[in-house]
A.B. asks: 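Okay, here's the structure, questions in a sec.
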Number of protein chains: 2
Amino acid sequence: MSSPRLTETSYIVLGLIAQIGPATPYDLKRLAQVSTVNFWSVPHTQLYSECARLAGEDLLSERREQTGRRRRTYRLTERGREALERWLSEPTSELEQVRDTATLKLFLGGDPQQLAPTQLQAHRAQLETYEQIYGSFVGDAPQGWRLALEAGIDHERAYIRFWSRLAGQRAREGSPARSR
Amino acid sequence: MSSPRLTETSYIVLGLIAQIGPATPYDLKRLAQVSTVNFWSVPHTQLYSECARLAGEDLLSERREQTGRRRRTYRLTERGREALERWLSEPTSELEQVRDTATLKLFLGGDPQQLAPTQLQAHRAQLETYEQIYGSFVGDAPQGWRLALEAGIDHERAYIRFWSRLAGQRAREGSPARSR
DNA sequence: CCCTATATAGTTCGGATCGAACGGTGCGGA
DNA sequence: TCCGCACCGTTCGATCCGAACTATATAGGG
């Protein structure tokens, strides 16, 4: 049991199982791919190790098939549900962490005019994907899913505005060949 | 020399040195803290190891004080500058990666009304910081710095709009006690 | 009924990343 | 002189990450 030391990844596992019921790591993997990826990416191998770890902490219970693939199915324990509820009810003042290669290039001196078209295309495609998913939620999706997706859509729109602005700008002031 | 295998972190190092001239890892650390953190965070220990690695690849040259702190100062080699220029001139279609604890809580069922005030406060403070830095750039900051910061400001505004919307909403539909 | 192709499911392993913690160095002031 | 703090640099173990691989199930063709 010891000191739990739960990370965000732990709560993704606990939280998804809470929403969909008993699941295998593989189920979680597929689910994470379409839902969570937007604001928290987890490599799939970690879902396997994380489930095992949480089972060791008695936050999940594990049942394993005796034959064939010997799949492990996990479900929430009472302790697990408590830990999740506790975490969910605490607000956080933590800010987002972002890693964006294109902005980095811009920062280090990349040419806006050259970067913008590619980024615009990528972000427009992403926005379209999100909107499609959003459209497929009728009333059945949990509130949290809708809200998180709305946040993602907002951000894609912000990126599109940003890169559009750069694309639409004449080569910008005399731009003295800085640095060196 | 071998196969360089450069990561984004590598280019941050090369790029910052290109902009400010010869520097120690400690210089880079302080600089990164105030400039890059917005769209790419690098833990400071990695700056030390990364500089050493790049020197091994002949992309940086290293000179070390013979006495006292024995600081290592790095400067760009010709090869380093070429590698940097090559990377900067390639557009990328990669999208941002985000990790945002608050959105995660929302997604997993956290109460919007409860999360919003804390997030609003945090994002407002962050926006203010950015705007202050932006104000301190008169005309002297490189174009990339201004643009990257503008992107950061756009995103903070998006977050503020988003959380404001949630804060300002009556406890939302009957919100059937979903899940379980 | 067997063979192959494809989707599903799970694991291994080495390298990259991370950050807490620690150990020196230099300087200003008592 | 020597104390204390800010500055500077590094070590180390833990975690994270993902490419690559193995194994299982199933469906369709012959």
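Remember, it's a predicted structure, so these values are computed and weren't measured experimentally. Proteins come first, then strands; the chains are lettered A, B, ... in the order of their sequence lines, and each starts at number 1.
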A.B. asks: Which nucleotide wins on minimum distance to the side chain of A/Arg64, given the candidates C/dT11, D/dT10, D/dG18?
C.D. replies: C/dT11
A.B. asks: Hey, which of these two, A/Glu50 or B/Thr45, hits DNA chain D nearer its 5' end, going by closest nucleotide?
C.D. replies: B/Thr45
A.B. asks: Measure from CG on A/Asp27 to C1' on C/dT8 and round the result to the nearest Å.
C.D. replies: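 So the two atoms are 11 Å apart, to the nearest Å.
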A.B. asks: What's the closest nucleotide to the side chain of A/Arg71 if the choices are D/dC7, D/dC16, C/dG10?
C.D. replies: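 Looking only at side-chain atoms, A/Arg71 lies closest to C/dG10.
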A.B. asks: If the threshold is 4.0 Å, N to carboxylate O, is there a salt bridge linking A/Arg157 and A/Glu131?
C.D. replies: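 A/Glu131 and A/Arg157: salt-bridged.
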A.B. asks: Do other residues, nucleotides or ligands put more than 12 heavy atoms under 6.0 Å from A/Gln121 CD?
C.D. replies: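 Incorrect, the count does not exceed 12.
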A.B. asks: Testing B/Ile20, B/Val13, B/Leu14 for side chain to side chain contact (heavy atoms under 4.5 Å, CB included) with B/Ile17, which one passes?
C.D. replies: B/Val13
A.B. asks: What's the closest nucleotide to the side chain of A/Tyr26 if the choices are D/dC17, D/dC8, C/dA9?
C.D. replies: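 Given the options D/dC17, D/dC8, C/dA9, the side chain of A/Tyr26 is closest to C/dA9.
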A.B. asks: CD of B/Glu62: more than 12 outside heavy atoms within 6.0 angstrom?
C.D. replies: yes
A.B. asks: How close or far is atom P of D/dT11 from atom CD of B/Gln46, stated in whole angstroms?
C.D. replies: 15 Å
A.B. asks: Mind calculating the distance between CD (A/Gln33) and P (C/dT8) to the nearest angstrom?
C.D. replies: 11 Å
A.B. asks: Between P on D/dC16 and CZ on A/Arg53, what's the gap in Å once rounded to a whole number?
C.D. replies: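 Taking CZ of A/Arg53 and P of D/dC16, I get 7 Å after rounding.
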A.B. asks: Looking at B/Thr24, does any N or O in its side chain come under 4.0 Å of the phosphate oxygens OP1/OP2 on D/dG9?
C.D. replies: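 So the side chain of B/Thr24 is within the cut-off, an N or O lying under 4.0 Å from OP1 or OP2 of D/dG9.
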A.B. asks: Compare the minimum distances between each of D/dG18, C/dT11, C/dC18 and the side chain of A/Tyr48, then state the nucleotide with the smallest one.
C.D. replies: C/dT11
A.B. asks: The side chain of A/Arg72 is closest to which nucleotide in this list: C/dT11, D/dC16, C/dT8?
C.D. replies: C/dT11
A.B. asks: Looking at every strand, decide which applies to A/Thr7 at a 4.0 Å heavy-atom threshold: base, sugar-phosphate, or nothing.
C.D. replies: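 Touches sugar-phosphate only.
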A.B. asks: Can you check the A/His44 NE2 to D/dG18 P distance for me, whole Å?
C.D. replies: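 A/His44 atom NE2 is separated from D/dG18 atom P by 10 Å.
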A.B. asks: To the nearest Å, how far apart are B/Leu6 CG and C/dT17 P?
C.D. replies: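 In whole Å, C/dT17 P and B/Leu6 CG are 11 Å from each other.
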